[in-house]
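Worth saying up front: this structure is predicted, and the values here are computed from it rather than measured.
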Amino acid sequence: MTEIGLHLYNNLRLAPSFRYALVGMEADEFRTYSELIEESALVFPGLVLAEAVWQATGSDSVFRSFTLGYVWKPYEGEAYRPLIASPELKNKLDELLSVR
């Protein structure tokens, strides 16, 4: 998944203009521009913003140059956490933890 994310970010450098982009995020985190510009949405690593959007959000200094006209919070890649992703595995761990 991380390799795919890097490929998508590489393609974004050549993409037509856009306001924002994010790879590897569940769609329920934010969906609209107004949800994005709320301060809580700006914590996501890998978030790419057009400079005008970045300035409208207060120009947070954790963002770095991405490509001409865009900044980003650097991508960190994906992490597989099977005990969080799988309820079945989480239940097995809970059973192990309850045995004395």
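Of all heavy-atom pairs between Lys73 and Val62, the closest is CE-CG2, 3.2 Å. Closest of all the heavy-atom pairs between Tyr70 and Ser17 is OH-CA, 3.2 Å. Closest approach of Trp54 to Asp60, counting heavy atoms only: NE1-O, 3.0 Å. Across all their heavy atoms, Leu47 and Phe63 have their closest contact at O-CE2, 3.6 Å. Residue Val53 comes nearest to Arg19 through the heavy atom pair CG2-O, 3.8 Å, listed as atom of the first residue, atom of the second, then distance.
By the 4.5 Å heavy-atom criterion applied to side chains, Tyr20 and Tyr33 are counted as neighbours. Looking only at side-chain heavy atoms (C-beta outward), Trp72 and Pro74 come within less than 4.5 Å of each other.
To the nearest 0.5 angstrom, Asn11 atom CG is 11.5 Å from Leu6 atom CG. Annotation: the span from Gln55 atom CD to Glu51 atom CD amounts to 6.5 Å, rounded to 0.5 Å. Rounding to the nearest 0.5 Å places CG of Leu8 at 11.0 Å from CG of Leu22. In this structure, the separation between CG on Leu12 and NE2 on His7 is 10.5 Å, given to the nearest 0.5 Å.
A perpendicular orientation is assigned to the rings of Phe66 and Tyr9, their planes being inclined by more than 60° (bins at 30° and 60°).
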